[in-house]
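Reading through the structure tokens given below for one structure.
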Amino acid sequence: MNNAIAANTTLAETLPPQNITILHGIQWDTYQNLVRDLESQPGTKLTYDNGTLEILMPLPPHETFKKLLGRFVEVTTEELGIEIRSLGSTTWTREDLRKGLEPDECYYIQNELAVRGKDVIDLTLDPPPDLAIEVDNTSSSMNRMGIYAALRVPEVWRFDCETLTICSLVNEEYQPCEISLALPIFNAAVLMQFLELSLTMGETSLIRYVRQWVKEQLAKSST
């Protein structure tokens, strides 16, 4: 267990119970109607897998860490001059697979141009997001990583409030990967270091720190 987070009485252990509802025998059309009905409640996360539906209401720690990881991506791509498309917690579904979920954050990076300007993205025709961010501060009853794999999302950063793992899709399964494929400037240890700093630094100061770190990495690579 990471010492800095353990010293804070382990964030995962101090979280109150998550508000999770599980429904079985839910038809695809019912799930799609719920997705539309809950558009005005962006904090609600729906996960669907072949008739089973999980409804989850995230808590503040979850929202803090997912936003921080997203900002790391955005600051870094800005400094690197990489075009991205940020799609937040967009609902991604495949009716043919009877699967769907909302990531905490997601980005088109390598495939940004393929979806630039598109209002409707069809995962049976278009590429999936290059990177998804998954903050798992409670034990979800659903195999969300299996759904990401079925949707063929190439990379997921998964943070359980103790450890950050970069997961790369290999032969339809996720394998731990030390270095991000979407943003090779990052490895898991660096991302975890930044998250640890969030326990003692304000968010604005932390983002300035990350930006400066990226600039320093660029300067090193150019010498």
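Between the side chains of Tyr107 and Glu74, a donor-acceptor pair is found at a separation under 3.5 Å. A side-chain donor-acceptor contact under 3.5 Å links Tyr148 and Glu134.
For Asp160 (side chain) and Thr163 (main-chain N/O), a donor-acceptor pair under 3.5 Å exists by modelled atom type. Checked by atom type and distance alone, the side chain of Ser205 never pairs as donor or acceptor with a backbone atom of Met201 at under 3.5 Å. Judged by distance alone, with hydrogens and angles left aside, the side-chain atoms of Arg152 form no donor-acceptor pair with the main-chain N or O of Ala149 at under 3.5 Å. Remark: the backbone N or O of Asn111 is paired with a side-chain donor or acceptor of Asp130 at under 3.5 angstrom. In terms of modelled atom types and a separation under 3.5 Å, the side chain of Glu155 and the main chain of Ser168 share no donor-acceptor contact. Judged by distance alone, the side chain of Arg85 and the main-chain N or O of Val115 form a donor-acceptor pair under 3.5 Å. At distances below 3.5 Å, at least one donor-acceptor pair connects side-chain atoms of Ser180 with backbone N or O atoms of Ala182. The backbone N or O of His24 sits nowhere less than 3.5 Å from a side-chain atom of Thr52 that would complete a donor-acceptor pair.
Distance CD1/Ile207 to CZ/Arg71: 4.5 Å, rounded to 0.5 Å. Taken to the nearest 0.5 Å, the CG atom of Leu183 stands 12.0 Å off from the CG atom of Asn187. In this structure, Asp49 CG and Leu97 CG are separated by 9.5 Å, a value rounded to the nearest 0.5 Å. Note that OH of Tyr48 and CD of Gln32 are 9.0 Å apart. Values are rounded to the nearest 0.5 Å. For the atom pair Gln193 CD and Phe186 CZ, the distance stands at 11.0 Å (nearest 0.5 Å). For the atom pair CD1 (Ile84) and OG1 (Thr76), the distance works out to 9.5 Å, reported to the nearest 0.5 Å.
Two residues are said to be in side-chain contact when any heavy atoms from C-beta on lie closer than 4.5 Å; Thr93 and Leu123 fail this criterion. Under the 4.5 Å side-chain criterion, counting only non-hydrogen atoms from C-beta, Asp122 is in contact with Leu125. Inter-residue side-chain proximity for Tyr174 and Thr165 is flagged as unmet; no heavy-atom pair is nearer than 4.5 Å. Counting heavy atoms from C-beta on, the side chains of Leu206 and Thr204 never come closer than 4.5 Å. When side chains are defined from C-beta on, Ile55 counts as touching Thr44, because their heavy atoms get closer than 4.5 Å.
No chain of hydrophobic side-chain contacts below 4.5 Å, direct or via other Ile, Leu, Val, Met, Phe, Trp or Tyr residues, connects Ile166 to Val170. At a threshold of 4.5 Å between side-chain heavy atoms, the hydrophobic network of Ile, Leu, Val, Met, Phe, Trp and Tyr places Leu197 and Val135 in one connected group. When hydrophobic clusters are built by joining Ile, Leu, Val, Met, Phe, Trp and Tyr residues whose side-chain heavy atoms come closer than 4.5 Å, directly or via intermediates, Val73 is not grouped with Ile179. Linking ILVMFWY side-chain heavy atoms closer than 4.5 Å, directly or via other members, places Ile185 and Phe194 in a single hydrophobic cluster. Using a 4.5 Å cut-off between side-chain heavy atoms of Ile, Leu, Val, Met, Phe, Trp and Tyr, with links allowed through other members, Val190 and Leu218 fall into the same hydrophobic cluster.
Looking at Lys67 and Glu63, no side-chain N of the basic residue comes within less than 4.0 Å of a carboxylate O on the acidic one, giving no salt bridge. In this structure, Glu78 pairs ionically with Arg211, as a charged nitrogen and a carboxylate oxygen lie closer than 4.0 Å. A salt bridge links Asp126 with Lys118; the closest basic N to acidic carboxylate O contact falls under 4.0 Å.
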From CA spacing to verdict: side-chain contact (heavy atoms from CB on, under 4.5 Å), Glu83, Arg116: CA-CA 10 Å; Glu83 297 292 350; Arg116 185 182 296 179; 4.1 Å; yes
Ile133/Phe159 under side-chain contact (heavy atoms from CB on, under 4.5 Å): CA gap, chis, key distance, verdict: CA-CA 8 Å; Ile133 291 171; Phe159 180 54; over 6 Å; no
Derivation of the side-chain contact (heavy atoms from CB on, under 4.5 Å) call for Ile109 and Ile82: CA-CA 7 Å; Ile109 303 174; Ile82 297 172; 3.9 Å; yes
CA sep, side-chain torsions, deciding dist, call: Thr21, Leu23, side-chain contact (heavy atoms from CB on, under 4.5 Å): CA-CA 7 Å; Thr21 301; Leu23 302 172; 4.2 Å; yes
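By the 6.0 Å contact criterion, CD on Glu178 is enclosed, its count of non-hydrogen atoms from other residues, nucleotides or ligands being greater than 12. The 12-atom threshold is not exceeded at CD of Gln27, counting heavy atoms of other residues, nucleotides or ligands nearer than 6.0 Å. For Glu203, the CD atom sits in a packed shell: over 12 heavy atoms of surrounding residues, nucleotides or ligands are nearer than 6.0 Å.
Here the closest heavy-atom approach between residue Ser198 and residue Leu68 is recorded as CB-CD1, 3.5 Å. Smallest separation of non-hydrogen atoms from Leu151 and Arg94: CD2-CG, 3.3 Å. In this structure, Pro129 and Pro154 approach most closely via the heavy-atom pair O-CD, 3.1 Å. Closest approach of Thr90 to Leu87, counting heavy atoms only: OG1-O, 2.5 Å. Between Glu102 and Leu46, the shortest heavy-atom contact is OE1-N, 2.6 Å. Between Ile26 and Tyr31, the closest heavy-atom pair is CG2-N, 4.1 Å.
Of the residues listed (Lys45, Arg144, Lys66), the one engaging Asp104 in a salt bridge (Lys or Arg N to Asp or Glu O under 4.0 Å) is Lys45, and it is the only one.
Note on ring orientation: taking the six-membered ring where Trp is involved, the planes of Tyr108 and Trp92 are perpendicular (angle over 60°, cut-offs 30° and 60°).
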